[in-house]
Amino acid sequence: MSRADVCVVACAEAFRGDGEILAAGIGGPVTVLAARLARLTFEPDLLTHDGVCLLTGDVPALGQAPEVVEGWLPFREHLWLVLNGRRHAMLGAGQIDRYGNTNISCIGDWARPKAQLLGVRGAPGNTRCDPTSYWIPRHSTRVFVREVDMVSGLGTDRGAFELRRVVTDLAVLDFRTEDGTMRLVSVHPGVSVDEVVAATGFPLSDLSGDVPQTREPTPEELALLARLDPGRLRDREVAA
């Protein structure tokens, strides 16, 4: 078992209870594997897609085409799902603050940024209309900041529909606090609470009690991951 295995399972847990909505892992192997693993285990009604325009009837390995196609998902239909709350996306973030506002647009002053990123893309609509989670493969004070340089995705203080979970290479976090600020839910095996606090650029809420360890994958989940990702591309995303 690797740290990446733990991260995939923690990301998959974000989709627990979703039922028949589109599970969209955005970006690298970890989020895609998370959606597929959730469908193969505790959320069999999840809709998954091939990353382009097909709803998949089966759950293929990374890089393989589906053998069963359930439907056609052109961009206009994808937007309908987003605007009607039928999609749970796991997004990335260049910056995130304690309320879950995220930035994928630019680093530095808007008029003269130090770095240009992706733009806002679908982040405003997704965070306003749908459950949203985040996967951040490098937990650091450069990403977890007191104030984002630009708001791309809405936080709990700006009307986000539901920010479900933030998974990083160190820990699992969420926003289930009275004021909607980020709290530490669990730390991954081999990681201490102090390490997470030191890598976060703002105070985390509800740190008074014991913080549990993120659950490890079951033998069934490890076997499924071996089939879904035989080349272990997931390990490339997680430094540990």
Side-chain angles (χ1 to χ4, degrees), residues 3-19 21-39 41-43 46 48 85-104 122-123 126-140 143-144 148 152-189 191 193 196 199-200 202 204-207 211-217 221 234 237-238:
R3 177 74 61 81
D5 297 331
V6 174
C7 291
V8 172
V9 170
C11 289
E13 285 286 350
F15 298 106
R16 186 180 289 274
D18 276 342
I21 69 171
L22 180 65
I26 307 298
V30 167
T31 58
V32 176
L33 286 169
R36 296 182 184 184
L37 182 65
R39 179 172 175 175
T41 51
F42 50 78
E43 283 300 326
L46 279 178
T48 52
R86 305 300 301 166
R87 177 184 189 241
H88 179 177
M90 181 161 281
L91 307 175
Q95 294 177 326
I96 186 169
D97 68 18
R98 66 192 308 238
Y99 291 97
N101 296 291
T102 55
N103 173 24
I104 57 170
N126 207 97
T127 50
R128 186 70 181 97
C129 300
D130 300 84
T132 304
S133 295
Y134 290 97
W135 159 241
I136 298 173
R138 300 290 183 273
H139 192 138
S140 73
V143 179
F144 287 78
V148 298
S152 305
L154 305 180
T156 58
D157 60 339
R158 283 185 165 88
F161 176 81
E162 179 191 2
L163 298 185
R164 183 78 57 83
R165 172 172 282 212
V166 179
V167 180
T168 77
D169 60 327
L170 301 181
V172 177
L173 309 105
D174 68 16
F175 301 90
R176 294 182 182 178
T177 56
E178 290 187 3
D179 58 356
T181 54
M182 191 182 295
R183 67 168 185 160
L184 182 58
V185 175
S186 66
V187 292
H188 299 335
V191 178
V193 172
V196 178
T200 306
F202 50 80
L204 292 167
S205 300
D206 295 348
L207 277 179
V211 177
Q213 180 178 286
T214 307
R215 80 167 179 91
E216 297 181 2
E221 288 168 333
R234 58 194 181 277
E237 278 196 80
V238 183

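FYI, the numbering just counts along the sequence from 1.
The residues Arg183 and Asp174 are annotated as salt-bridged, a charged nitrogen and a carboxylate oxygen being separated by less than 4.0 angstrom.
Shortest non-hydrogen contact noted between Ala171 and Ser186 is CB-O, 3.2 Å. Here the closest heavy-atom approach between residue Ala38 and residue Ala12 is recorded as CB-O, 3.9 Å. Between Thr181 and Tyr99, the closest heavy-atom pair is CG2-CE2, 3.5 Å. Here the closest non-hydrogen pair linking Gly25 and Thr31 is C-OG1, 3.4 Å. Closest approach of Glu237 to Val30, counting heavy atoms only: OE2-N, 2.7 Å. The minimum heavy-atom distance linking Val143 with Ala93 is given by the pair CG1-O, 3.9 Å.
Under a cut-off of 6.0 angstrom, the local environment of CZ in Arg128 is sparse, with at most 12 non-hydrogen atoms contributed by other residues, nucleotides or ligands.
Between Met182 and Leu204 the shortest side-chain heavy-atom distance falls below 4.5 Å. Here the side chains of Leu170 and Arg3 are in contact, with some heavy-atom distance below 4.5 Å. The side-chain heavy atoms of Pro217 and Val6, taken from C-beta on, include a pair separated by under 4.5 Å.
Relative orientation of the Phe144 and His139 rings is parallel, given thresholds of 30° and 60° on the angle between their planes.
Separation of atoms CD (Gln95) and OG (Ser152) is listed at 9.0 Å; rounding is to 0.5 Å. Between atom CZ of residue Phe15 and atom CZ of residue Arg165 there is a gap of 10.5 Å, rounded to the nearest 0.5 Å. From Leu37, atom CG reaches atom CD of Glu43 across 11.5 Å, with rounding to the nearest 0.5 Å. Within the model, atoms CZ of Phe175 and CD of Glu162 stand 11.5 Å from one another, a figure rounded to the nearest 0.5 Å. Within the model, atoms OH of Tyr134 and CD1 of Ile96 stand 6.0 Å from one another, a figure rounded to the nearest 0.5 Å. The CZ atom of Arg138 sits 6.0 Å away from the CG atom of Asp169 when rounded to the nearest 0.5 Å.
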request  = Go through Asp18 and Arg164 one step at a time and tell me if the side chain to side chain contact (heavy atoms under 4.5 Å, CB included) criterion holds.
outcome  = CA-CA 11 Å; Asp18 276 342; Arg164 183 78 57 83; 3.0 Å; yes
request  = In sequence, state the C-alpha distance, the side-chain angles, and the governing distance for Leu184 and Val193, and then conclude on side chain to side chain contact (heavy atoms under 4.5 Å, CB included).
outcome  = CA-CA 9 Å; Leu184 182 58; Val193 172; 4.0 Å; yes
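A donor-acceptor pair shorter than 3.5 Å cannot be found between the side chains of Thr177 and Ser205.
A side-chain donor-acceptor contact under 3.5 Å links His188 to the backbone of Thr168. A donor-acceptor contact shorter than 3.5 Å links the side chain of Thr214 to the backbone of Val187. Between the Thr127 side chain and the Leu154 main chain, a donor and an acceptor come within less than 3.5 Å of each other.
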